[in-house]
Amino acid sequence: MLSKKLNKNLNEHMNLEFYSAYFYLSMSSWFSKEELAGFATWFRVQAQEELFHAMKTFDYINGAGGHALTTAIKAPQTDFDSIQQVFELTLEHERFVTSTVNKLLTEVRKESDHATDIFLQWFVSEQVEEEASVSAILKKVRMVGDDGRGILMLDNELGSRIFTPPATA
Ligand code: FEO
């Protein structure tokens with residue numbers, strides 16, 4: 001059974017995942033407004049992944065004898081200066097999520113809660129992938145700069161992304 005402290009920490013993690021979904025949905029909306037449908041699709045799928053992460057945590061908390069609380073989710077930024085800024089903010093956000101997952105795992109290990117330890121290891125690996133994929137796209141975005149043809153090519157590439165629930169879940 002989850003301790004009160006870990007229940008609270010996991011709830012904060014779940015809330016951060018819901019916030020992540022909302023943040024990426026906001027970015028998707030901004031790209032739609034900018035007529036960049038491929039980028040909009042990529043962020044919409046990213047939001048779906050974050051919802052998956054949030055629900056995975058929701059189910060874990062309740063399944064482990066805790067109580068997942070659907071507390072308020074803060075409002076994300078809704079307007080952006082450039083494509084590059086969006087991906088810089090995304091990478092910064094993913095690094096923040098990684099650091100919170102790591103801190104949470106440290107707390108879990110202090111309590112020797114092995115089940116929650118195993119649960120969180122999935123997120124540790126997932127964050128490596130998350131950071132790597134965003135970092136690779138940011139590199140391309142910087143390479144392309146203001147070149148319209150390059151932006152359209154990237155838009156086309158990112159638009160092929162589809163949501164597939166992670167197999168390891
Ligand atoms: Fe669920 Fe992108 O962190």
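In this text, all values refer to a predicted model and were calculated from it rather than measured experimentally. Whatever order the structure lists ligands and atoms in, that order sets their numbers, starting from 1. In this chain, numbering begins with 1 at the start of the sequence shown.
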The protein N, O or S atoms lying under 2.8 Å from atom 1 (Fe) of ligand 1 are E17 OE1, E50 OE1, H53 ND1

Sorted by chain and number, sequence neighbours left out, side-chain contact (heavy atoms from CB on, under 4.5 Å) with L152 holds for none

query: Is the closest side-chain heavy-atom distance between Q77 and Q85 below 4.5 Å?
result: yes

Is it true that the side chains of E88 and Q84 contain a donor and an acceptor less than 3.5 Å apart?
yes

Report task. Check whether any side-chain heavy atom of F18 lies under 4.5 Å from a side-chain heavy atom of E50, and answer yes or no. Result -> no

Name the orientation class of the two ring planes belonging to W42 and F87 (parallel below 30°, tilted from 30 to 60°, perpendicular beyond 60°). tilted

Worksheet item: Does any donor atom in the side chain of H93 or S20 lie under 3.5 Å from an acceptor atom in the other side chain?
Response: yes

